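As the structure is a prediction and not an experimental result, all values here were calculated from the model. In the text below, chain A, chain B and the rest are named by the order of the sequence lines, each starting its count at 1. The figures that follow rest on heavy atoms only: side chains count, while hydrogens, waters and symmetry mates do not.
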Number of protein chains: 2
Amino acid sequence: MNSLSKISICKGRPREFDLETALAAALRVFWKNGYEAASMAELTAAMGITKPSLYAAFGNKEALFHKALDLYEREKLAYMTSAVEAPTARAVAERLLHGALQMQTSTCDPKGCLGVISTAACGVEAEPIKAEVMKRRASSEAAIVRRFEQAKADGEFPEGLEPAALVRYLFAIMQGMALQGGSGATCNELRQLAETSMAVWPTK
Amino acid sequence: MNSLSKISICKGRPREFDLETALAAALRVFWKNGYEAASMAELTAAMGITKPSLYAAFGNKEALFHKALDLYEREKLAYMTSAVEAPTARAVAERLLHGALQMQTSTCDPKGCLGVISTAACGVEAEPIKAEVMKRRASSEAAIVRRFEQAKADGEFPEGLEPAALVRYLFAIMQGMALQGGSGATCNELRQLAETSMAVWPTK
DNA sequence: TGCACTATATACCGTTCGGTATGAATAGCT
DNA sequence: AGCTATTCATACCGAACGGTATATAGTGCA
């Protein structure tokens, strides 16, 4: 009878662009300019679609940013979640700094960090964006803090070093690296920064 | 007779606002929102003057920002120039971190750092702003590098630590502190960050 | 074929942006 | 007083902003 087995789903005219490809293009624009400075005109130009298509497919500018942020976390911030699996706190820090360094020295991606850019400056209209990014960063930090508490229980840290403080310190370095990377620092300079950070990493 | 001792100078109608006060108000707006997100409407409202008065007194938005940046460096970044007078590299770092900490924990100033905010994200129109801020930061960094080279000659550093790399590392921490301060970190958290940084500072 | 549905392209919406023309108001100078 | 110079307040400029109405084009289904 009614054969709804076939995945017809869509009755109307099929869209002429690929959602993921367009989203990736949007991500690059947000990444390069930040949320507010990324105009709909530049976004649609980079995505190769018109404004009505964008709004039909992604909702509005803010919803588009959220989906781009999802893609960013999924593809570019994977090293953060995998870093906690390192055997020691020092190795965790090494993986994090190495991952951050690779992000900034990649030749095919924009410089800087989307998260850093989005929380640094914003007008009133971008406050919810900033809040969302801060929330996600907090959950990333929390995961590393838990890992470092384990490391402390394992006796990896000298006296008086709190895991939460050490994570904040480590994240500050990575944020500074992203900032310097976005401000034209060379690969060598950033590598020196990562190496210096590891050179002073506390040992028991 | 002709008493030109009095500072007459100007013939026309005297301006009804104080230049320095208005500039300080503008600085706070730029500091809070960044260059692009600070609209002329918000600036004039905070400064208590109208748009034509602003343009007559300061030129345009970009010139106003430059003058606000001058004020910022003069009043808020004085600790950077005085830090180099500290007796050791460690003391220099301590002063810098302490100064940065005080900036972020001040209750009467906006959070974050104007320099960090201005270099993090910007559209094409703010590129010259970003370039100017980067130039000024580079000169600040250069002064600290020179001081650390002296410290290295004095044998204050362990083997293999380059002054330039150490300065970049230190600035990354301060930039990260400014970012976290602008993202709602508490005073205690920022103090922990500064203390952790000093706790791991390299000793010979 | 004709209907229902969706994506497309163009042209437009109201608002806000940075920046100004204009005329009245207020001062010093002669 | 009268002239000149400068500031003030209002109202306005063209351009760009995020977002949409509308009409056309392309698909699956009956």
Has B:Gln175 got a side-chain atom pairing as donor or acceptor with A:Leu179's backbone, closer than 3.5 angstrom?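 Between the backbone of A:Leu179 and the side chain of B:Gln175 there is no qualifying donor-acceptor contact (under 3.5 Å).
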
Are the side chain of B:Gln104 and the backbone of B:Gly181 linked by a donor-acceptor contact shorter than 3.5 Å?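 No; judged by distance alone, with no hydrogens or angles, the pair does not exist.
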
Among [options], find the nucleotide with the atom closest to the side chain of [X].
X	options	value
A:Arg15	C:dC17, C:dA9, C:dT8	C:dT8
A:Tyr55	D:dT20, C:dA7, C:dC17	D:dT20
B:Pro14	D:dT27, C:dT26, C:dT8	C:dT26
A:Lys11	C:dA4, D:dT10, C:dT8	C:dA4
B:Ser53	C:dG18, D:dC8, C:dA9	D:dC8
A:Lys61	D:dG19, D:dT4, D:dG26	D:dG19
B:Ser39	C:dG18, D:dG18, D:dC8	C:dG18

Q.
On DNA chain D, does the nearest nucleotide to B:Pro52 precede the nearest nucleotide to B:Arg13 from the 5' side, or the other way round? Give the residue.
A.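 The residue closer to the strand's 5' end, by nearest nucleotide, is B:Arg13.
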
For atom [atom1] of [X] and atom [atom2] of [N], their distance in whole Å:
X	N	atom1	atom2	result
B:Leu54	D:dT7	CG	C1'	13 Å
A:Leu43	D:dA16	CG	C1'	14 Å
B:Phe17	D:dT6	CZ	P	15 Å
B:Glu16	C:dA27	CD	P	8 Å
B:Met47	D:dA9	CE	P	14 Å
B:Ile49	C:dG19	CD1	P	14 Å
A:Phe58	D:dG18	CZ	C1'	17 Å
B:Phe65	C:dG19	CZ	C1'	19 Å

Test side chain to side chain contact (heavy atoms under 4.5 Å, CB included) applied to B:Glu132 and B:Leu69, step by step
CA-CA 10 Å; B:Glu132 171 68 17; B:Leu69 193 57; 4.3 Å; yes

Return yes if the base of D:dG19 and the side-chain atoms of A:Lys51 contain a donor-acceptor N/O pair under 3.5 Å, otherwise no.
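Looking at the base of D:dG19, it does pair with a donor or acceptor on the side chain of A:Lys51 (distance under 3.5 Å).
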
Taking any heavy-atom pair under 4.0 Å as a contact, classify B:Ala38: base, sugar-phosphate, or nothing.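 B:Ala38: backbone/sugar contact only, no base atoms under 4.0 Å.
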
_B:Lys61 with B:Glu125: basic N within carboxylate O range, under 4.0 Å_ =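 Result for this pair is no, no salt bridge flagged.
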
Notebook entry, point to check: How are the rings of B:Phe65 and B:Tyr35 set to each other: parallel, tilted or perpendicular (split at 30° and 60°)?
Noted result: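 Perpendicular.
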
